[in-house]
There are 2 protein chains.
Amino acid sequence: MAALDPASPQPLYLQLTDYLRRQINSGVWQPSDRLPPEVELAAQFDISRGTVRQAMDLLVNQGLLQRIPGKGTFVTNISARSRSQLIGIVVPYLRDSLITEVLRGAESVLRRNGYNLIFCHSEGNLQLELAQIEQLQREGVGGLILFPVATVDESARLSQMLRPQLPLVIIDRRLPQLAASHVVADNVGGAYRAVQHLLAQGHRRIACISLPERPTSIEERIRGYEQALREAKILPLAAVSLAIGAHPSRDSVPYYTVTELAPIDQLLDVGEPPSALFCVNDFIALGVMQHVLARGLRVPNDLAIAGFDDIALAPYMPVPLTTVAQPKYEIGVQAAQLLIDQIVSGTHQQREIVLPTELVIRASTGLPTPVAAVPPPAVAQPPH
Amino acid sequence: MAALDPASPQPLYLQLTDYLRRQINSGVWQPSDRLPPEVELAAQFDISRGTVRQAMDLLVNQGLLQRIPGKGTFVTNISARSRSQLIGIVVPYLRDSLITEVLRGAESVLRRNGYNLIFCHSEGNLQLELAQIEQLQREGVGGLILFPVATVDESARLSQMLRPQLPLVIIDRRLPQLAASHVVADNVGGAYRAVQHLLAQGHRRIACISLPERPTSIEERIRGYEQALREAKILPLAAVSLAIGAHPSRDSVPYYTVTELAPIDQLLDVGEPPSALFCVNDFIALGVMQHVLARGLRVPNDLAIAGFDDIALAPYMPVPLTTVAQPKYEIGVQAAQLLIDQIVSGTHQQREIVLPTELVIRASTGLPTPVAAVPPPAVAQPPH
DNA sequence: TGTCTATATTTGTCTAGACATTTGGAGACA
DNA sequence: TGTCTCCAAATGTCTAGACAAATATAGACA
C-alpha cells in the first residue's frame with residue numbers, strides 16, 4: 001500500500017491522482033469496478049475527504065472515472081473512454097452523394113477508433129479553405145482529411161501553411177507537391193472503360209465534354225478517354241468545356257447545373273456531329289441530356305451519353321445515365337484508416353491508395369432494348 | 001449586482017458560474033481582464049471561498065478563465081480559447097439533401113462565429129446516439145445540435161444523461177419533455193396546404209400513406225392532412241403505413257426505399273379506390289409512384305400523388321413530384337443561431353422556432369397540362 | 001408474494017479557516 | 001542607480017465538519 005508523502009513538493013492530491021491512475025492502468029481496478037468510497041480513501045491515506053475529491057476530480061474530468069451519486073465512483077468502460085483526438089475534414093461542397101458518403105465512411109471509422117471529426121465546408125473557396133486549415137491547426141487537430149479546392153499550382157500556398165508534422169490525407173484529387181497521403185479513385189480506368197463501352201456499342205465519333213477547371217481527377221478522366229480512343233485507332237475530338245455553377249442558397253436545388261450550353265449546340269450543328277458524348281461528370285451529363293432532349297434529339301438513339309461519378313440522381317435522369325461509379329464510402333473509410341495509421345505509428349509516411357471504379361450501364365448508352373416507356377425499376381440495383 | 005439564491009435548486013457554485021460567464025460574454029469583463037480576487041467575490045456574494053473556486057474551476061476547465069498564482073484570475077484571450085469553441089451535431093442519417101443542407105447552414109453560421117462543428121452520425125441507432133452525446137459532453141463541447149433518433153417516449157434516457165447546463169437545440173422533431181430549444185418546420189401547415197391543393201384539383205377520396213414509426217414531425221403531417229379533410233367535410237380514410245429501409249452500405253443507393261408494398265395494392269384493389277395519395281415523405285411517394293406506374297396506372301390521371309420534404313430527387317422522379325419543401329438550410333442556420341445565443345447569453349432559455357414550409361406543385365398532382373412526353377425543364381425553378 | 005418504509009451508504013454541496021507559494025511593489029541599503 | 005529584503009495580495013493546498021440528495025437494502029406490512 002503506497003503511502004502519500006506530505007513532505008514531497010508534489011501536492012497530496014496529485015500524488016493520489018497518480019496512485020489512482022496506476023491502479024487503473026495496471027488493471028488492479030478494472031473498467032466498471034467501483035472504487036473505495038471517498039471517506040474510506042481519506043481514512044486510508046490519512047487525508048481529508050476534500051483532498052480525495054480534488055484528486056478524483058481530475059480523473060473524472062479526463063473521463064477515466066465516473067461518479068454516480070448514492071452509488072459510488074466507477075472506472076469508466078473502455079468503450080466510453082475516448083482518446084479524444086480531433087480530426088478535421090475540409091470539403092469544398094456538399095451537393096451530391098459523393099462527399100456525404102465520404103463523410104459517412106470517414107466518420108464511422110474515426111468514431112470507432114475514438115476520434116472526433118470536425119467538419120468544415122470551404123464552399124469551393126480557396127481563401128476559406130486556407131483559413132479553415134489554419135484554424136484547425138490552431139485548434140490542435142491530430143490530423144486532417146482534405147478534399148482540396150486548391151489546384152496543383154496553388155498547392156504551394158497550402159504547403160507553406162501546413163505544419164510539417166501534421167498527418168494529412170488528400171482525397172479525390174492529387175496534389176503531388178504536398179507531402180501527404182492520397183486516396184483517389186481510378187479515374188483513368190473508369191473513363192477508359194466507359195469509352196470502351198461506347199466503342200463496343202458501335203460509336204466512332206465520341207466527344208469529351210469537360211470543365212473549364214481541371215483538377216487532376218478530371219485530367220485523368222480525359223486521359224482515360226483519349227487512351228481508349230487511341231487504342232481503337234480513332235483520333236480524339238477537340239475537348240469541349242462547359243461551365244457549371246451552383247445555386248448557392250436555394251435549398252431545393254442541391255445540384256450543380258450547366259450554365260453555358262452554346263458549345264454543345266456548336267458541337268452538334270456540324271456536318272458530321274458526334275454520336276456519343278463522354279461527360280467528365282454527371283452534372284454535365286444531366287445538363288447536356290436535358291438540353292439535347294429539348295432540342296428533340298433522342299437519347300441514346302441519336303446521341304448516347306455517359307457520365308462519371310454515379311450521383312444519386314443518375315438512375316432517375318430523364319434517360320437513366322450510364323456512368324462510372326466511385327467507391328465513395330470506401331474512399332472515406334480508407335482515408336480515415338490511413339490517417340489513423342499515420343497518427344498511431346507516428347511516422348510521416350506517404351502512401352497512395354487508388355480505389356477501383358465500376359462502370360454502371362443504364363439506358364443512356366443504348367442497351368439492347370430501345371428507349372423504354374416504363375421508368376427505371378424501383379430500387380436501383382440490388383446490393384452486390 | 002445579481003445575488004445568488006440559496007433556496008434555488010441550482011447549486012450556488014453553478015449560479016456563480018453562470019454569472020461569471022454572463023459577465024464575460026456580455027463584455028463587462030474583456031479578454032485578459034483580471035477578475036476580482038476570490039476572497040472579494042466570496043464576500044460580495046456571501047459565500048465561502050471554496051464555493052467561488054468550485055465555480056471558477058468549471059470555467060478554467062473550459063478554458064474561459066486562466067489562473068496565475070500570486071497574480072489573479074484572468075479572462076482567457078479569444079485566440080487561446082479552444083475547447084469551448086466546439087459544437088456537436090448528431091444526425092441519424094445522411095441520405096438526402098435535408099440533413100446535408102442543415103449541416104451546411106449550421107456550419108456556415110457557427111464558423112463565422114468562431115465555433116467548430118463536430119459531426120456525429122448515429123446511423124438511426126438510439127444506443128449510438130446516446131453514446132455519441134455522452135462522448136461529446138466529455139469532450140467538453142459548448143453546445144449540441146441534435147436531430148434525434150429518440151422518440152418522445154425514449155427522451156427520458158436522453159434527459160438523464162444530458163448535463164443540465166448544456167445548450168441544446170433539437171431539430172426536425174420535438175422532444176417536449178427535454179429542456180431544450182427546438183427548430184422545426186411547419187409540418188401541419190405544409191400537409192394542410194398539400195391536401196387542400198389536392199381538394200382543389202377535385203379529389204375527394206384522398207388517402208394518407210404513413211410510416212410505422214411516428215416521430216412528431218410525421219404525426220403533425222398526419223394532423224395537417226386530417227384537418228384539411230375535416231374542413232372540407234370529408235372523413236379521412238384509415239391511415240396506411242409502409243415500411244421503408246435503407247441499403248446501409250451500398251454507395252450508389254443513397255435513398256430509402258419502400259420495402260413492403262402490399263398495403264398499397266390492398267388500398268387500390270377495392271370498389272372505390274382513392275384518387276389521390278398524400279405521402280408523409282418523398283421516399284414513400286417515390287416507392288408508391290414506381291409501384292403504381294408498374295401496375296399500369298397513370299399519374300396523375302388515375303392517381304395523384306403528393307409528398308413531403310422536396311428531396312433533391314423530387315423534380316426528377318418518373319412523374320415530377322408535387323411536395324412540400326422545408327427550408328432545410330434555414331433550419332441549420334436558425335439552430336446554430338439559437339445555440340450561439342444561448343451560449344453567449346449564458347441563459348438556459350428554451351425557444352421554439354417553427355419555419356414556414358412551401359408547397360411545390362409539379363406534375364404528379366395533375367396540372368392543366370396532361371402527362372408530358374418531355375422531361376422536366378433543365379434547372380428546376382429559378383431562385384426566388 | 002409484492003409493496004412500502006425506514007435506514008445506511010455514498011456522492012453532492014457548502015462552510016470556515018489555516019498555511020503555503022508565487023508575484024509584484026515599496027522601501028532599505030550599498 | 002541598482003539590488004536586496006520584506007510585505008501585501010493573490011492563488012494553491014488542505015482540513016474538519018455539516019447537511020442534502022440519490023441509491024440500495026433490509027425489514028415491516030398487506
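Convention: sequence-line order gives letters A, B, ...; per-chain numbering from 1.
Here T73(A) does not reach the OP1 or OP2 of dT10(C): none of its side-chain N or O atoms lies under 4.0 Å away. For the pair R67(A) and dG12(C), the criterion of a side-chain N or O lying under 4.0 Å from OP1 or OP2 is met.
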Name the atoms and distances for all side-chain donor-acceptor pairs under 3.5 Å in residues 28-35 of chain B, with sequence neighbours left out.
residue	atom	partner	partner atom	Å
Q30(B)	NE2	G27(B)	O	2.8
D33(B)	OD2	Q30(B)	N	2.8

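When rounded to the nearest whole Å, the span between CG of D5(A) and P of dT13(D) equals 16 Å. For E40(B) and dA8(D), the CD to C1' distance is 15 Å, given to the nearest whole Å. Straight-line distance from the CG atom of L35(A) to the P atom of dT11(C): 9 Å, rounded to whole Å. Here dT10(C) presents its P atom at 14 Å from CZ of R53(A), a figure rounded to the nearest Å. Here the P atom of nucleotide dT13(D) and the CG atom of L4(A) are 15 Å apart, to the nearest Å. One atom, CD of E38(B), and another, C1' of dG12(D), lie 9 Å apart when rounded to the nearest Å.
Y13(A) is linked by a ring-ring contact (aromatic ring centres under 6.0 Å, His included) to nothing, counting only residues two or more places apart in sequence or in another chain. R53(A) is linked by a side chain to side chain donor-acceptor pair (under 3.5 Å) to E38(A), counting only residues two or more places apart in sequence or in another chain. With sequence neighbours left out, the side chain to side chain donor-acceptor pair (under 3.5 Å) criterion links E352(B) to R174(B). Remark: T216(B) pairs with no residue by the side chain to side chain donor-acceptor pair (under 3.5 Å) rule, at least two apart or across chains.
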When every nucleotide of nucleotides 14-27 of chain C is labelled 5' to 3' by its protein contacts under 4.0 Å (heavy atoms), B for base, S for sugar-phosphate only, - for none, what sequence of letters results? SB--B---BSS---

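When only modelled atom types and interatomic distance are considered, Q350(B) and S181(B) share no side-chain donor-acceptor pair under 3.5 Å.
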